[in-house]
Structures are given as C-alpha cells and as structure tokens.
Amino acid sequence: MTIRTRFAPSPTGYLHVGGLRTALYAYCFAKKNEGKFVLRIEDTDRERFVADGTQNILKSLYWAGLIPDEGVMFDNEENIIQKGDCGGSYIQSERSDIYREHADRLIEQGHAYHCFCAPERLDELRQFQQLNKLPTGYDGHCREINPIEAQKRASDGEKHVIRMKMPKEGETVFNDEIRGEVRFKNELIDDQVIMKSDGFPTYHLAVVVDDHLMKITHIIRGEEWLSSVPKHLQLYKYFGWESPKMAHLPLLLNADKSKLSKRQGDVAVEDYVKKGYLKEAIINFIAFLGWNPGGEREIYSLDEIINEFNFDKVGKSGAIFNLQKLDWFNREYLKKMDLAELVQRAKEFLLADPEIFSAIGEGQYEDKDLARVIALERERVTTFSELPEALKFVFVLPKYKSDLLIWKKSSVDELQNILPGLKDLLSTISVQSWDRTILERTVGDWVKEKGYSVGSVLWPMRVALSGQENSPGPFEIAEVLGKEESLNRIDLAISNI
RNA sequence: GGCCCCAUCGUCUAGUGGUUAGGACACCUCGCUUUCAAUGAGGUAACACGGGUUCGAUUCCCGUUGGGGCUACCA
C-alpha cells in the first residue's frame, strides 16, 4: 500500500509557521516511506476566504521545498494547477456536489438530520448552558422531527443545516500514532453540523469525505483537532469506510505557552523569508520543534530529516517558538555556505520582493554593491578568522529610515560631540582615497589625537552608516557606500541624535 | 464549567529501573577583537508535588497541581 499524506490548509491569507511544520512532517513521512504528498485546499469558510490565499500558501511551500506530488500545485509559471484523480477538484469549494451526496446518504440512512434551529436559539441555549455551568452543546431539538416532514420543509426552502447523529452511548477509542490510545465518551459529543445553511460542508464532513476519496493513509495535523476525532470516526463508521491512521502533532506556542498567534509576533512564513532567513534554517528549526532524531547533532538538511523521520521521535508537549534559536540555526547555515551560493541567495532574496526593505529603509542598490558587501564580509572573515552573516548584512545597502536609529550604547552628549567632528574629518578624504585602509588610518589617527576611546567613535560611526546595531565594520560599509552616501548618512544621523 | 492532551535546566530537547541526568539556544565570567556582533575557554541552571510498585524510581502505576487544546452554520 502506498503511503499518502496530505496538507490541507485554508486559504486565509498566508502560510502559518505551524502549518509549515505540519506540512513538513506530512511531507517527510510520505517521502520517507516512498509515498505521496497531497495538497488540498480547504476553503469552505466563505467569510475567511482570501482571494490570493492559495497562491501565497503555495509560494511559501515551494520556497521551503515542500513540493506536492498531487493535488493543488504550481506549474512552471506559478500558475495554480491540479494533478491527480480523486473524482474531482482538490479545492473543496469545487466539490460541493460530492459533499451534498454524502450528506444525503447519511440522512437516508438515518445517521444525520435536518436542523431548523435559528442561530439565535442556539446562542441563547449556549448562554444558558454557560451561565448554569452545564456542558455546552446542541440539545437535540430537531433530532426527532419526522424525516419525511423535515425533508419536505427543507425542499420547500426553509433555512436549515444538517447535523450528524452521535450515538448516545458507548465509547470511541482510537490509537493515535503519537499519543497512543485516546478514548471519548460518545454521550458527551455534540451532534455536529456537517452541512451549513449556505450549502457548504463544515470541516468535519469535508475532511472525512476527502481523506477517503483521496486515499489518504495518514492524517497528520495539529493537536487542536484531537477532540474532533470521535466525530470523524463516527462518520467513517456511517459511511462504512476504514479510517486512516492519525497523528496529532504538539502545538507551536507563544512565549507565554498559548497557541502560537499573530498577536505575539510574526507567524507567517513569508515574514521570515522577508527577514532574510534561509529555508534550510527555517526547516531545520521548525523540524526540531517537537521532533528529535536522538543524539546531539542538531544541523540536519531536509533530506536527512526525511531519512530519520519517524512518529516515535515526535514529542507530545507543545514547543515554544524561540526566535533566538532560529537565529542560531540561520547563522550556522550562513557559515557553511560558500561565497558564490551566498551571493546568489542574497540576490534572490533581494529580487524576490521589491518591498523587502520597506520596513527598514529606502533607496537603490546595485548588483555590484551586493556582491561587494558580501565579498567584503567574507574577506573580513578570513582576516579575523570569523564567519559571516551575509544576508543580514545586505541590509546596510538601502538607505535606512532615520527614526529607526538606535543609539543606546552612546550618550547624546557624546554623539553631538563626536559625529560632526567625524564628518568634517571624513570630508577631507578625497574620493580617490576613499577605501577602508585609508579610512581606518585617518580615523584611527584622529581618535588618538582627540583622546577619544576607540569604541566611542567607531560604534556611532557604524550605526550612522548602517542604521543597525549589529553590522559589518564601519570602514567596510563606508567603502561600499562611497564618500557621498557615507557623508549623507552621517548627516542624517546627526540630525536624528 | 465539561471533555481531551501534556509535564527533564529560562527555552528546544537527549536519556535510563541503579548516570557526575548529556547537548544546543539564552544567560554569566574570562580571553581575543581598533567598535557592536561574531569567535575561543569556562560557568550557573532541570527530572512539578504526593502516594504506591520495587532492593532501588527522574524513568512504571495512581492521584494532586500546573499548563495547553477543544467546547461555532471557523478551520
């Protein structure tokens, strides 16, 4: 039997980093077992639908290298296409007939029923239950309506939803690939809505029907779905289908241990792409949030992760999304990468999005500047036997926004004293002599002559030139920027002390 | 409130019925460095608690506590 996994995001705007991890595990499990990785779009919620949501998700997925074998994918021009045969589209909004048929089948068999309850009634019911600290849930108001009468009311156009009937007794027990045996009492589980009044199915119906029709063998998804499993299993039973195996992944968490959310930082993969993180670093970092091959090595390529991937090595508890560790992974990959590759990546990075610097600065840069700044960094590396963070350093190229300057290492007095003097000094250097050796000597002499400490001059100089707290050396930046731009930036900095 | 899941340094984690409980990030100290970063060498730091089971539990079982998820005509 061919292993088939799927990733089934909702196109609500962008790919969430948690989604990327889910996709990664599903991808790795499929590849490890020589199976297929299917991409399906779950867009049955019309209210949250975002027009280019699918495009964005695919972009991020392709960026990371998680290319679907089947379902929704890109062609060579980044047009959205579909591949594979599941008896229809891999986009749920285009499968309404299929869900309708299946819902009707459940009604015919007495496993589901029309519900005519108004949302207001359900709201009141819920409020009452909450107020009285009762378990919340549907009260079965429409469950006993005569099916023939219900059918008639529905076909007469009365607004309704379709609910599945959960058994009132017994237990649902299943074996999660990661958590082992989990059991639920059926009586506590709601008669879930499976078809909404707008004619679209809810997640619960769509996911069961599609996973079956698409021959998914392993459902890999976040832990937030664990409590829905009994409903799904009941649906499989009603349809007479065998359930796929399931693996519920631990959640990615904010620093306060709540579910990773937009409010507490960036959650979109594209945000991290824009910041200059390498895909290798993101993949490696995210893979190790909840999975560990054992041992002490932490740097793993995608292929190596695939090779080692196994549900036994997936943890059960949530993992905090720790940016400092991500930075470390990024540095490690930057260190390893050779210069040519680095320049190429930096170029792709800059070309990928014209707005990439909008948060940091504005202005022009040229390819030769880019190559130079990276080469300089690399040179500095050999000189000092250090290694670069080149992608981060390309940010010195655009003109930074002055209100982002951070002066925290120097006092205002110090800055007002030193920067104008430094500017006058640099003005005396001719354009022809403007290279880092001469700059370094000139500034060095000046520092001595004035009796300044080295740090009190070089640090502000670097900040004024780069707009950043951490950057390449000031002389290297000055050389790349040229005399005019360097002096302009120091002016800019002076006016923003 | 109900149901479900989870529990090793601050964080990500390795690990075992008997270990000096290992690594990485972060942090601290020192060194290097004409500046920050980077880098080198050290260091602080964890088995949530209470009962069992056992010669022996961090490890197995139960409970407590704590955290999280779900509890929609959202996924």
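In the text below, chain A, chain B and the rest are named by the order of the sequence lines, each starting its count at 1. For clarity, every value in this text was computed on a predicted model and none was experimentally measured.
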Are A/Tyr277 and A/Phe329 an aromatic pair, judged by ring center distance below 6.0 Å?
no
A/Phe321 ring center near A/Tyr272 ring center (under 6.0 Å):
yes
Same-atom distance ([atom1]) from [N] to [M], integer angstrom:
N      : M      : atom1 : result
B/rA21 : B/rU58 : C1'   : 8 Å
B/rA46 : B/rA7  : C1'   : 12 Å
B/rG52 : B/rG67 : P     : 27 Å
B/rG17 : B/rC61 : P     : 13 Å
B/rU11 : B/rU44 : C1'   : 16 Å
B/rA57 : B/rA48 : P     : 16 Å
B/rC9  : B/rU59 : P     : 14 Å
B/rU20 : B/rG2  : P     : 45 Å

Starting from the 5' end of RNA chain B, give me the residue, A/Leu226 or A/Lys313, whose nearest nucleotide shows up first.
A/Leu226
5'-most contact on RNA chain B (nearest-nucleotide basis), A/Arg183 vs A/Pro250, goes to A/Arg183
Output the rounded distance in Å from [atom1] ([X]) to [atom2] ([N]).
X        : N      : atom1 : atom2 : value
A/Phe288 : B/rU13 : CZ    : P     : 10 Å
A/Tyr138 : B/rC70 : OH    : C1'   : 21 Å
A/Lys257 : B/rC5  : NZ    : C1'   : 14 Å
A/Glu223 : B/rU71 : CD    : P     : 13 Å
A/Leu188 : B/rC4  : CG    : P     : 7 Å
A/Trp225 : B/rG69 : CH2   : P     : 15 Å
A/His232 : B/rA75 : NE2   : P     : 10 Å
A/Lys185 : B/rC4  : NZ    : P     : 6 Å

Does [X] put a side-chain nitrogen or oxygen below 4.0 Å from OP1 or OP2 of [N]?
X        : N      : result
A/Ser228 : B/rC70 : no
A/Lys259 : B/rC70 : yes
A/Arg297 : B/rG23 : no
A/Arg40  : B/rA75 : no
A/Trp459 : B/rU35 : no

Nearest to the side chain of [X] - [options]?
X        : options                : result
A/Tyr203 : B/rU11, B/rA75, B/rC6  : B/rA75
A/Gln324 : B/rC74, B/rA26, B/rC3  : B/rA26
A/Glu296 : B/rG69, B/rG23, B/rC74 : B/rG23
A/Arg331 : B/rC73, B/rA26, B/rU35 : B/rA26
A/Arg462 : B/rA26, B/rC70, B/rC36 : B/rC36
A/Glu224 : B/rA26, B/rC70, B/rC12 : B/rC70
A/Lys196 : B/rU35, B/rC73, B/rU71 : B/rC73
A/Arg126 : B/rC73, B/rA26, B/rC3  : B/rC73
A/Glu42  : B/rC25, B/rC12, B/rA75 : B/rA75
A/Ala319 : B/rC12, B/rA75, B/rG69 : B/rC12

Please walk me through it: do A/Trp328 and A/Phe285 pass ring-ring contact (aromatic ring centres under 6.0 Å, His included)?
CA-CA 9 Å; A/Trp328 175 77; A/Phe285 169 60; 10.0 Å; no
For [X], answer base if it contacts any base atom (sugar-phosphate contacts may also be present), sugar-phosphate if it contacts only those atoms, and nothing otherwise; contact means non-hydrogen atoms under 4.0 Å.
X        : result
A/Pro201 : sugar-phosphate
A/Ser317 : sugar-phosphate
A/Thr44  : sugar-phosphate
A/Val182 : sugar-phosphate
A/Thr136 : base
A/Gly290 : sugar-phosphate
A/Gly444 : nothing

With a cut-off of 6.0 Å (strictly less than), are more than 12 heavy atoms of other residues, nucleotides or ligands near CZ of A/Arg297?
yes
Surrounding NZ of A/Lys448 (heavy atoms of other residues, nucleotides or ligands, distance under 6.0 Å), is the total greater than 12?
no
Who is the Watson-Crick or G-U wobble partner of [N], with both distances under 3.5 Å?
N      : result
B/rU29 : B/rA41
B/rU58 : none
B/rG17 : none
B/rA7  : B/rU65

Distance criterion of 3.5 Å, no angle test: do you see the side chain of [X] paired donor-to-acceptor with the base of [N]?
X        : N      : answer
A/Lys325 : B/rA24 : yes
A/Arg179 : B/rC5  : no
A/Ser227 : B/rC4  : no

Under a 3.5 Å distance rule, please check whether A/Asp176 uses its side chain to pair with a backbone N or O of A/Val182 as donor and acceptor.
no
Any donor and acceptor pair, going by atom type alone, linking the side chain of A/Asp45 with main-chain N or O of A/Glu47 inside 3.5 Å?
yes
Assess whether a salt bridge exists between A/Glu171 and A/Arg183, defined as any Lys/Arg side-chain N lying under 4.0 Å from an Asp/Glu carboxylate O.
yes
With a 3.5 Å cut-off and no angle check, do the side chains of A/Asn56 and A/Glu270 form a donor-acceptor pair?
no
Would you say A/Tyr99 and A/Met195 make side-chain contact, with heavy atoms under 4.5 Å?
yes
